[in-house]
Number of protein chains: 2
Amino acid sequence: MTAYKSYPKFFVSVDCIIFGFKDGCLKVLIHQRPYEPGMGELSLIGGFVQKNESVDASAKRILRDFTGLDNVYMQQLAAFGEVERDPGERVISVVYYALINVDNYDTQLAEIHNAKWVDVDDLPALCFDHNDMVQKARHMIGEIIKNEPIGSNLLPRYFTLSLLQTLYESILGTSIDKRNFRRAISEKDYIQATGMIDKESSRRGATLYRFKK
Amino acid sequence: MTAYKSYPKFFVSVDCIIFGFKDGCLKVLIHQRPYEPGMGELSLIGGFVQKNESVDASAKRILRDFTGLDNVYMQQLAAFGEVERDPGERVISVVYYALINVDNYDTQLAEIHNAKWVDVDDLPALCFDHNDMVQKARHMIGEIIKNEPIGSNLLPRYFTLSLLQTLYESILGTSIDKRNFRRAISEKDYIQATGMIDKESSRRGATLYRFKK
DNA sequence: TCAAAAGTGTTAATAGTACACCCATGA
DNA sequence: TCATGGGTGTACTATTAACACTTTTGA
């Protein structure tokens, strides 16, 4: 028997910051909140933790329901627990961030949920404390990309070095010297040339690379 | 009105990893769990989130109740949400780590709670997932001390450079060259000499430093 | 022929690492 | 006088930052 009876219980939600890379910018997937309070306001993708579901599993389920994607890079960011953060009822939210390839997700599902991509550096006002969540997650992936090849989750399977550099620049919010970038990335040994040439993005054509497994 | 009615609610606990620096080692404050399940097992300092209390405030309260300390360096680590993590009932735990000066805390309170310091690198088996929590927090402060002067929270107001170095070594788990350490720390501009001399720790006497504000 | 993106090395500055001896003191 | 911890500088290595021109091609 437990001695917990006298303690209060809380709704626990999960909010997901789903990052994608599109048009040379880091984007976040948002939608219109479908229920009160804040119905119609812009919101992160979220949902409630279920009875026999771990919080991690809950995050995976919510991501799958909105994007059709499984096996996605997703990490916990933090719990948000201010008393009045949700104006309707007390809800403690555990926040995750995910990195997805925008070419892979299920656009039909996204349409059903009214989901859309917005530029992370030009975020509209989101409901509750969701803007804070995005800022914190944005900072976090900036730190992580310095040490880990998380770009593999955001890019198509084959990509040019210019595109990879643009990704780094948009995540880090800085411009990077092309030669230094190429040297640094080749020293890291994350990626390999495929021999294929991309003719879309330039007249001359650029070598297509891919991440090693 | 909210649409949340149909969702389940959960107990939400807070667990605190309270780090201190004592006898040249990084320590964690633990105690014997005073209630079932796991009564008598070794446990982190914890408690339950209350109705009109933010999760952060809850962590502060719990820390104060066990140590008598307020205004302590404390950060959220993560939420732990596995379904079976607590064998009694479903409890989602939000974990914080705190750094305190072992000379300041209320030892009477600690005695009441059966609290004791254990070496972080020689942890006994703790209940539930508490060992995981400590490992994660230990790794976290290792990263943070590389960039932030968090040592100020663990040391007495005045300290020798040798003591500061021992602190860094015990947090980082490495030995550091004395000359390199002193140069690095003086370049960081965190600390200043007070002109006072400590005669306790050596015959010659060592300059006492303090952290700048 | 020219606009647009691809590709390519060198140098300088900075940060980090390795390493050994003398000093002051109390017991 | 000696054992103990305090205090100091230099040379080497690795990492990071700054910087500009040629190539290829389609329009």
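Here is the naming used below: chain letters follow the sequence lines, and residue numbers restart at 1 for every chain.
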Problem set entry | Glu200(B) CD - dT25(C) P separation (whole Å) | 16 Å
Exercise. According to the interplanar angle, ranging from 0 to 90°, do the rings of Tyr35(A) and Phe48(A) count as parallel (below 30°), tilted (30 to 60°) or perpendicular (above 60°)?
Worked result: tilted
Seminar exercise, completed: Here the ring pair (Phe, Tyr, Trp, His ring centres under 6.0 Å) pairs for residues 107-145 of chain B, sequence neighbours left out, are Phe66(B)-His113(B), Tyr105(B)-Trp117(B), Phe128(B)-His130(B)
Exercise. Phe159(A) has an atom CZ; how far is it from atom P of dA6(C), in whole Å?
Worked result: 14 Å
Below 3.5 Å, can you tabulate the donor-acceptor pairs from side chains in residues 201-208 of chain A to any protein atom, sequence neighbours excluded?
unit_1, atom_1, unit_2, atom_2, d
Ser201(A), OG, Asp198(A), OD2, 2.6
Ser202(A), OG, Gly205(A), N, 2.9

For this session: Report the distance from atom CZ of Phe181(A) to atom C1' of dG9(C), rounded to the nearest whole Å.
Result: 18 Å
For this session: Could you note down all residue pairs passing side-chain hydrogen bond (donor to acceptor under 3.5 Å, both in side chains) where residues 165-177 of chain A supplies at least one of them, sequence neighbours left out?
Result: Gln165(A)-Glu169(A)
Exercise. In whole Å, what is the span from the CG atom of Leu208(A) to the C1' atom of dA6(C)?
Worked result: 12 Å
Seminar exercise, completed: Picking from dT25(D), dG5(D), dG26(C), the nucleotide nearest the side-chain atoms of Ser202(B) would be dG5(D)
For this session: To the nearest Å, give me how far apart NZ (Lys199(A)) and P (dA4(C)) are.
Result: 17 Å
Exercise. Which residue pairs pass the side-chain hydrogen bond (donor to acceptor under 3.5 Å, both in side chains) test when at least one of the two sits in residues 146-164 of chain A, sequence neighbours left out?
Worked result: Glu143(A)-Lys146(A)
Exercise. Separation of Asp198(A) atom CG from dA5(C) atom C1', in whole Å?
Worked result: 11 Å
For this session: Would you list the pairs meeting ring pair (Phe, Tyr, Trp, His ring centres under 6.0 Å) in which at least one residue belongs to residues 186-213 of chain B, sequence neighbours left out?
Result: Phe159(B)-Phe211(B)
Exercise. For Arg203(A) and dT22(D), what is the distance between atoms CZ and C1' respectively, to the nearest whole Å?
Worked result: 18 Å
Problem set entry | Separation of atom CG in Leu172(A) from atom P in dA17(D), rounded to whole Å | 11 Å
Check the interface with nucleotides 7-11 of chain D: list each N/O to N/O pair with the protein under 3.5 Å, or write none.
unit_1, atom_1, unit_2, atom_2, d
dG7(D), OP1, Thr207(B), N, 2.9
dG7(D), OP1, Thr207(B), OG1, 2.9
dG7(D), OP2, Arg182(B), NH1, 3.4
dG7(D), N7, Lys178(B), NZ, 2.5
dG7(D), O6, Lys178(B), NZ, 3.1
dT10(D), O4, Arg183(B), NH2, 3.3

